[in-house]
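Accompanying notes for the structure given below.
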Number of protein chains: 2
Amino acid sequence: MRIGELAERTGVSIRSLRYYEEQGLLKPARGANGYRDFSAEDVNRVARIQLLYSAGLRSSCISEVLGCVSGDGSEPYAEPAPDLVAELTTVRERIVRQMGELGDSLVVLDRILGAAHGPAGVGRS
Amino acid sequence: MRIGELAERTGVSIRSLRYYEEQGLLKPARGANGYRDFSAEDVNRVARIQLLYSAGLRSSCISEVLGCVSGDGSEPYAEPAPDLVAELTTVRERIVRQMGELGDSLVVLDRILGAAHGPAGVGRS
DNA sequence: ATAAAGCCTCACACCGACGTGAGGGTCAAG
DNA sequence: CTTGACCCTCACGTCGGTGTGAGGCTTTAT
């Protein structure tokens, strides 16, 4: 599939997809015309990339992580390098902490929002 | 208290504190010498600012939120403007979504980390 | 008095993911 | 053949929070 289609399917901009390739996160084949040729698996791969980005990992790190995840990513892994393990452990801790902070922020926001329309309970999501 | 002390107490850089003032998040008094003079409450205020930053709010939004929180922020609020309520609601949804994504990312990371040192359980934080 | 430390105001640098536009090929439809 | 849609590669712009350095005050300690 070509880049436009992948963009449409994933909801990610064309620019971003090119950027992902530039960062080594995607390695599409190339047609004789120079066009990128993405596989069907790349749809999932892009989803995982986005997920990890949203977790605050930078692309260099995502690249290593994805190197440990095979094709559809549903189950298997290769051996993670020891350095990577250390880094990911740090990242893991950061994520846990960040989730806590987000929870706290939510409390703050809900206080404000609660004040907005009186003492009645805020619509729970 | 002067900026250096506040920086030390909050763990936030001097540069950032000046930036917060520039964004209207802090309004320190000024001594005759031009030095900023922060109040004791500002320590809490800075903590809240950091919290909201980590939740992904930009300073313009934080400024409005803090406008609804009185002194020590422990309980009360002023009336939030209706526009602000709408924005915060959006932000709230984003945060909830983001927490979900972080949780998913955690699962991905734990899979990798689980593969790192064999089938034994991962050290639970 | 003199040095050291803390403060001040610009104002430019940086990072990371992405927008955007220029300039130019490729390809299917009319 | 031409139009229009899609693709390509640079390469610079943006945004937000922060680092950093210049140039110059005030205050504190010796």
>> Taking atom CZ as the centre, does A/Arg58 end up with more than 12 heavy-atom neighbours from other residues, nucleotides or ligands that are less than 6.0 angstrom away?
In response: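 Check fails, neighbour count at 12 or below.
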
>> Other residues, nucleotides and ligands only: do more than 12 of their heavy atoms fall within 6.0 Å of CD on A/Glu8?
In response: no

> Should the pair A/Arg2-A/Asp37 be classified as a salt bridge under the 4.0 Å nitrogen-to-oxygen rule?
Replying inline: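 Salt bridge absent between A/Arg2 and A/Asp37.
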
> Charged N to carboxylate O below 4.0 Å: is that the case for A/Arg45 and A/Glu41?
Replying inline: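 Here A/Arg45 does not pair with A/Glu41 in a salt bridge, since their nearest N and O are not under 4.0 Å apart.
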
[X] side chain near [Y] side chain, heavy-atom distance below 4.5 Å:
| X | Y | answer |
| --- | --- | --- |
| A/Val12 | A/Tyr20 | yes |
| A/Met99 | B/Gln98 | no |
| A/Leu26 | A/Ile49 | yes |
| A/Leu57 | B/Ser105 | no |
| B/Cys61 | B/Leu88 | yes |
| B/Met1 | B/Arg9 | yes |

>> Roughly what angle, to 10°, lies between the helix axis at the start of the helix from C/dA1-D/dT30 to C/dG30-D/dC1 and the one at its end, five pairs per end?
In response: 10°

> Which salt bridge (charged side-chain N to carboxylate O under 4.0 Å, His left out) pairs, counting each pair once, include a residue from residues 22-35 of chain B, with sequence neighbours left out?
Replying inline: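 For residues 22-35 of chain B, and leaving out neighbouring residues, the salt bridge (charged side-chain N to carboxylate O under 4.0 Å, His left out) pairs sorted by first residue read B/Glu21-B/Arg30.
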
>> For the residue pair B/Glu101 / A/Tyr53, report whether a side-chain donor-acceptor contact shorter than 3.5 Å exists.
In response: no

> Going by distance alone, is a donor N or O of one side chain under 3.5 Å from an acceptor N or O of the other, for B/Ser16 and B/Ser13?
Replying inline: yes

> Of the residues in residues 25-39 of chain B, which ones touch DNA chain C at a heavy-atom distance under 4.0 Å?
Replying inline: B/Arg30, B/Gly34, B/Tyr35, B/Arg36

> Near DNA chain C, under 4.0 Å by heavy atom, which residues of residues 11-22 of chain A?
Replying inline: A/Ser13, A/Arg15, A/Ser16, A/Tyr19, A/Tyr20

>> Donor-acceptor check, side chain of B/Thr89 to backbone of B/Val85, threshold 3.5 angstrom: yes or no?
In response: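 Pair found, side chain donor or acceptor close to backbone of B/Val85.
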
> Should B/Tyr35 and B/Ile14 be counted in the same cluster of Ile, Leu, Val, Met, Phe, Trp and Tyr side chains packed under 4.5 Å apart?
Replying inline: no

> How would you give the extent of chain B contacts on DNA chain D, as first and last nucleotide 5' to 3' within a 4.0 Å heavy-atom cut-off?
Replying inline: D/dG16 to D/dT27

>> Distance under 4.0 Å to a non-hydrogen atom of chain A counts as contact; along DNA chain C, which nucleotides mark the start and end?
In response: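 Terminal contacting nucleotides, 5' to 3': C/dA17 to C/dC27.
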
